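Below you'll find the structure, written out as structure tokens, and then a few comments.
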Amino acid sequence: MGRTVRDGEAGPVGEFVVGDEEFEVDGRPVRLLSGALHYFRVHEAQWGHRLAMLRAMGLNCVETYVPWNLHEPRPGEWQDPAALGRFLDAVARAGLWAIVRPGPYICAEWENGGLPHWLTGPLGGRIRTRDAEYLAQVERWFGVLLPQVVERQIDRGGPVIMVQVENEYGSYGSDQEYLRQLAQLLMDLGVRVPLFTSDGPEDHMLTGGSVPGVLATVNFGSQAREGFAALRHHRPKGPLMCMEFWCGWFDHWGTGHVVRDPVDAADALREILEAGASVNLYMAHGGTSFAGWAGANRAGGALHDGALLPDVTSYDYDAPVDEFGRATPKFWAFREVLAEYADGPLAELPPAPAELGTASEAVLGDWTPLREVVDALGGPEQAFGSAPTFEELDVDRGLVRYRVDVPGPRQPYPLRARGLRDRAVVYVDGVRAGVLTEDSPELPEPVCGPARVELVVESLGRVNYGPRLGEPKGLTGGVLHERQFLHGVRATGLRLDAFDEADRVRGLASRTPGGGPGLYRGSLSVAGAGDALLELPAFTRGFVWVNGFCLGRYWSVGPQKSLYVPGPVLREGANEVWVLELEGAGAGASVRVGAPAAG
């Protein structure tokens, strides 16, 4: 069994080895009892608490992905890639080992599976292959990222014991040369700890996603014996590990909330451990997809070619440590199982995070119409022959306003947005005419000419898994009037990160709220700052910021009805609140915060 590291220690130091049957540290066999926790889904001030919760559950290791698009939103524009290093330092202080999964593709129900829009846009189907241009970009990114990992490997006194090659590649492709080159790149950049792959326990996934000489692991939520038997069919030797034990699941907007019975999940965990295997709980603590980074999936079975299913903001995942960092019944059920396999007594639970002392409500009394918000904070309006995609306008998260004229005079004809992704609110001569979606791309009433048509298209999240990974956003097929393309399109993109420039946001002209789409602003008074839930009863769909921190998307269709506010974001007294409403608000334009409901 692995050594139990006490509070305050820097973590185990030595050599981590993949043996024929077991993992070893300095010649001693160890079993990895790991849990997934994504540093980018947890406020940095709360990393220590969440890691302590994992230790208290009985884990000796933590696993994290790394999202490329978060750290490089534009080519060569770096956004805090050192965050991974700071997280790994926190892992060491918590006395845990670390498994790092740098991608470049991560899935994770994250926007575009972690790949930058500026990369997938021009490359299309060349991503995740041996394509020279794609691999050159990966090498450049890894050259920035990997020093954070290399200097924190176990043989240098750090917590990092394993690094993944790609991610579930067997669910996507079969380019073995690509995987081989990625593995070599990791080693060339200084990775000395063992490499591994992880895939579903199916023949085509294991053959497509594994690399000769690199440890193969499997991902599943149940039927451990069958999963490990499939792995042994391909790899007769090597430690058994379930790299993603799916102990919960994620939610999509407009569907029901998914939960997994704690007893059933604990029984499945016990089956993994009774097989002599190591495990990584996915997720041990899910956290939140702040700032609109939640991805999307496609319905349609194995082909994933059906309707778009956007992921909600919460990534609670029905995990044993919930979104607020609290122990759930699943936590206690897992702790009981893990205690039988841990080395020594389990750690005590850390003190619970502070929760909001007093509920508060406020009306957001300043309003700027959406048209003016786009004009002020968006990019320059550009003219195109046909409608450009989000990628061509350099928009990752946010919206694009398209304008086009219907010539005339002409009789009424149907107006259709061809190849629409994802959702468009349409105005004809300034009057709202309807909402178009992929499944319903035609206005209910025909349009006469001449007329000016405006379509405000919002991205609901890029696909993060399956063959439609990297598909473009926006009006990908143009605007049709009858069967005729409307040319001479003007387009303006509004990225969510434009709201990072707080002075520009505060400088917007405002008026009394009119109930329409636009930016609503106001102040919310707080007493007893701490973790809270924000409710927006008057609003329909959009994004919300508290003190400049973007909590993410809200949408009245549910199942998520409120947004998690990390305690470190709030402050005593006045708190600035912005709501970018994209449909229209009801009477009052009010928001309220309260303490999280009892877990």
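As the structure is a prediction and not an experimental result, all values here were calculated from the model.
Judged purely by distance below 3.5 Å, without hydrogens or angles, the side chains of Asp396 and His117 never pair a donor atom with an acceptor atom. Judged by distance alone, the side chains of His252 and Asn297 do bring a donor and an acceptor atom under 3.5 Å apart. Side chains of Glu535 and Ser562: a donor-acceptor N/O pair is absent below 3.5 angstrom, by distance only. There is no side-chain donor-acceptor pair under 3.5 Å between Arg592 and Ser360. Looking at Glu323 and Thr288, their side chains do bring a donor and an acceptor atom within 3.5 Å of each other.
Atoms CH2 and CD, from Trp293 and Glu109 in turn, are 15.5 Å apart once rounded to the nearest 0.5 Å. Atom CG of residue Asn112 and atom CD1 of residue Ile127 lie 7.0 Å apart, to the nearest 0.5 angstrom. With values rounded to the nearest 0.5 angstrom, Arg421 atom CZ is found 10.0 Å from Thr389 atom OG1. Residue Leu486 holds its CG atom at 6.5 Å from CG of Leu415, rounded to the nearest 0.5 Å. Considering CG of Leu119 and CG of Asn69, their distance stands at 10.0 Å, rounded to 0.5 Å. Within the model, atoms CZ of Arg128 and OH of Tyr172 stand 6.0 Å from one another, a figure rounded to the nearest 0.5 Å.
Within the 4.5 Å cutoff, no side-chain heavy atoms of Gln164 are placed close to those of Val100. In this structure, the side chains of Pro517 and Glu583 stay at 4.5 Å or more apart for every pair of heavy atoms. For the pair Tyr39/Val62, no side-chain contact is recorded, criterion being any heavy-atom separation below 4.5 Å from C-beta on. Looking only at side-chain heavy atoms (C-beta outward), Pro102 and Phe142 come within less than 4.5 Å of each other. Counting heavy atoms from C-beta on, the side chains of Leu420 and Thr476 never come closer than 4.5 Å. At least one side-chain heavy atom of Trp68 sits less than 4.5 Å from a side-chain heavy atom of Gln137. Val544 is not listed as a side-chain neighbour of Leu580, based on a closest heavy-atom distance of 4.5 Å or more. Side-chain contact between Phe390 and Ser459 is present, with at least one heavy-atom pair separated by less than 4.5 Å.
Residues Val457 and Ala424 approach most closely at CG2-CB, 3.7 Å, considering heavy atoms. The two residues Gly548 and Trp545 make their nearest non-hydrogen contact at O-CD1, 3.7 Å. Minimum interatomic distance between Leu570 and Gly530 (heavy atoms only, all atoms of both residues): CD1-O, 3.4 Å. Here the closest non-hydrogen pair linking Pro513 and Gly365 is CD-O, 3.1 Å. Among all heavy-atom pairs drawn from Leu182 and Pro104, the shortest one is CD1-CD, 3.9 Å. Closest of all the heavy-atom pairs between Gly567 and Asp531 is N-OD1, 2.6 Å.
Checking side-chain atoms of Thr313 against main-chain N and O of Gly552 turns up no donor-acceptor pair under 3.5 Å. In this structure a side-chain-to-backbone donor-acceptor pair under 3.5 Å is present from Asn575 to Arg571. In this structure a side-chain-to-backbone donor-acceptor pair under 3.5 Å is present from Tyr402 to Leu475. Put simply, the side chain of Glu576 never gets that close to the backbone of Val546: no donor and acceptor are under 3.5 Å apart. Using a distance-only test at 3.5 Å, with no hydrogens or angles considered, no donor-acceptor pair links the side chain of Asn464 to the main chain of Gly113. When atom types are taken as modelled, the side chain of Arg504 and the backbone of Ala376 share a donor-acceptor pair closer than 3.5 angstrom. Without hydrogens or angle criteria, His71 side chain to Gln79 main chain gives a donor-acceptor distance under 3.5 Å. The closest donor-acceptor contact from the side chain of Asn547 to the backbone of Val569 lies under 3.5 Å.
Each of Arg410, His481, Glu482 was scored for a side chain to side chain contact (heavy atoms under 4.5 Å, CB included) with Val447, with one residue passing: His481. Under the ring-ring contact (aromatic ring centres under 6.0 Å, His included) test applied with Phe40, the options Trp47, Tyr315, Trp110, Phe87 reduce to a single match, Trp110. Exactly one residue among Arg298, Arg462, Lys473 makes a salt bridge (charged side-chain N to carboxylate O under 4.0 Å, His left out) with Asp422. That residue is Lys473. Among Arg401, Arg553, Arg423, the single residue meeting the salt bridge (charged side-chain N to carboxylate O under 4.0 Å, His left out) criterion with Glu458 is Arg553.
Using a 4.0 Å cut-off between charged side-chain N and carboxylate O, Arg140 and Glu72 make a salt bridge.
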List the steps and the verdict of salt bridge (Lys or Arg N to Asp or Glu O under 4.0 Å) for Glu63 and Arg101.
-> CA-CA 8 Å; Glu63 170 266 307; Arg101 304 168 79 182; 3.5 Å; yes
May I have the step-by-step check of salt bridge (Lys or Arg N to Asp or Glu O under 4.0 Å) for Asp405 and Arg452, ending in yes or no?
-> CA-CA 5 Å; Asp405 292 328; Arg452 173 154 295 181; 3.0 Å; yes
Apply salt bridge (Lys or Arg N to Asp or Glu O under 4.0 Å) to the pair Asp366 and Arg511, showing each step before the final yes or no.
-> CA-CA 6 Å; Asp366 292 329; Arg511 62 202 70 177; over 6 Å; no
Hey, mind stepping through Leu494 and Val373 against side chain to side chain contact (heavy atoms under 4.5 Å, CB included) and telling me if it holds?
-> CA-CA 9 Å; Leu494 175 63; Val373 175; 4.2 Å; yes
Evaluate side chain to side chain contact (heavy atoms under 4.5 Å, CB included) for Arg521 paired with Thr368, printing each intermediate quantity in order.
-> CA-CA 9 Å; Arg521 289 173 289 163; Thr368 306; 3.3 Å; yes
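The six-membered or imidazole ring of Trp578 lies away from that of Tyr520, with a centre-to-centre distance of 6.0 Å or more. For Tyr564 and Phe324, the ring centers sit closer than 6.0 Å to each other.
In this structure, Arg126 forms no cation-pi arrangement with Tyr134, as its terminal cationic atom is not both closer than 6.0 Å to the ring centre and no more than 45° off the ring axis. Note that Arg541 lies outside the cation-pi zone of Tyr554, set by a 6.0 Å cut-off to the ring centre and a 45° limit from the axis. At least one cation-pi condition fails for Arg74 and Trp118: the charged atom is not both under 6.0 angstrom from the six-membered ring centre and inside a 45 degree cone around its axis.
Ring geometry, Trp555 versus Trp253: the interplanar angle falls from 30° to 60°, so the pair is classed tilted. By the 30° and 60° cut-offs, the orientation of the rings of Tyr282 relative to Tyr65 is perpendicular.
Atom CZ of Arg418 has 12 or fewer heavy atoms from other residues, nucleotides or ligands within 6.0 Å. No more than 12 heavy atoms of other residues, nucleotides or ligands shown are found within 6.0 angstrom of CZ on Arg371. Taking a 6.0 Å sphere around CZ of Arg86, one finds it holds more than 12 heavy atoms contributed by other residues, nucleotides or ligands. Within 6.0 Å of CD in Glu355 there are more than 12 heavy atoms belonging to other residues, nucleotides or ligands.
Listed by first and then second residue, the side chain to side chain donor-acceptor pair (under 3.5 Å) pairs involving residues 439-450 are Arg416-Glu442 (not counting sequence neighbours).
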